[in-house]
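Scroll down for the structure; my scribbles are underneath it.
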2 protein chains.
Amino acid sequence: MKTLLVIDMQQAWLESERFEKEQVLARIEFAANQIRQQQGKVIFIQHCNEQAPSGSAGWQLADNLTVTTEDLLIDKTACDSFVGTSLLACLTELGTTELYICGLATEFCVDTTLRAAVSAGYSVVALSDAHTTGDRPHLTAAQIVEHHNWVWQNLAIPQGQQLQVRTVAEAFPTDLKSTSS
Amino acid sequence: MKTLLVIDMQQAWLESERFEKEQVLARIEFAANQIRQQQGKVIFIQHCNEQAPSGSAGWQLADNLTVTTEDLLIDKTACDSFVGTSLLACLTELGTTELYICGLATEFCVDTTLRAAVSAGYSVVALSDAHTTGDRPHLTAAQIVEHHNWVWQNLAIPQGQQLQVRTVAEAFPTDLKSTSS
């Protein structure tokens, strides 16, 4: 089963400036709909800390992301979404074969969860234009997004596994047959 | 027990240009000696692939790193030093409490192993001036080293754990008592 992990797309972390924020939100919404249409599962990961305790306004997901009753929601407190959570058990129960990853922040929770997923044995698709971050003292958000996409493309992964870095359009190509016929 | 992980400081990966190569080698040699003097353990991780098969010239450790009969050597094939290796079993048997991490390449095996060590429950000290990489198409090696040091300093780690980012001089302060008395 294809599973989409949407990491930390919460009010508290979307208040500030984020690289291509509106486009990233729209691409995640599109990817989630595609996954649902393909009978896959959408899992929203939500980070909880003193700034955004579970249930608080800041902890809520972005208004313009659709959450259906079929989706799963998992709280976490560390950058690695597998630590102290039911994520691994959920993926095992779902029979996840391909894990699509998107969300924020690129260099923290997205990157850590992606590397952990590869180490846990999953074939991973990093959605290269559906993760975001903010400008940092030393690099712009655009540079950080570019850097981590490049790192993931060149990572030495365990034999027999796949780690693909693809745009949302590449990962979920629109079916043109219906209009071209 | 304090344990130092020296990641991939091998001939094959040190042939090309590396940020502060000689200084990084000297700092790692110093850190390793300090760890040995403190009854800690030094573990050299060696990456094996088609460019540097186990036992080949390229797979050998850098000439100017001392390896003692007390040190451990562990081969790996993926960026995460815990995957497909005896590293976790070794650390458990050693009773490792603090894990010091250095080596190359910053954004690949060092970063992945560091995040995996934190997720595995270890208190980690990233030696901020004892890891290195090369210039990449999008960023210089110096920018990449700075970026990952910054990321590790700001990573949301599991409660009760520590992730410190310290220079070798900070992590192993020279004992001035003998000269000042």
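In what follows, every chain begins at residue 1, and chains take the letters A, B, ... in the order their sequences are listed. Quick note: numbers below take in every heavy atom, side chains included, and nothing from hydrogens, waters or symmetry partners.
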Would you mind checking which part of B:V83 comes under 4.5 Å of any heavy atom in chain A, side chain (CB onward), backbone (N, CA, C, O), both or neither?
side chain
Please classify the contact between B:I157 and chain A as side chain, backbone, both or neither, with a heavy-atom cut-off of under 4.5 Å.
backbone
Is the B:H147 ring parallel, tilted or perpendicular to the A:H148 ring (thresholds 30°, 60°)?
perpendicular
Closest-packed option against chain B by number of heavy-atom pairs under 4.5 Å, given A:N49, A:I144, A:T77:
A:I144
Nearest 0.5 angstrom please: B:F82 CZ to B:I45 CD1, how far?
8.0 Å
Does B:Q38, at its CD atom, have more than 12 non-hydrogen atoms belonging to other residues, nucleotides or ligands within less than 6.0 Å?
yes
Side-chain donor-acceptor pair present, A:E107, A:T133, cut-off under 3.5 Å
yes
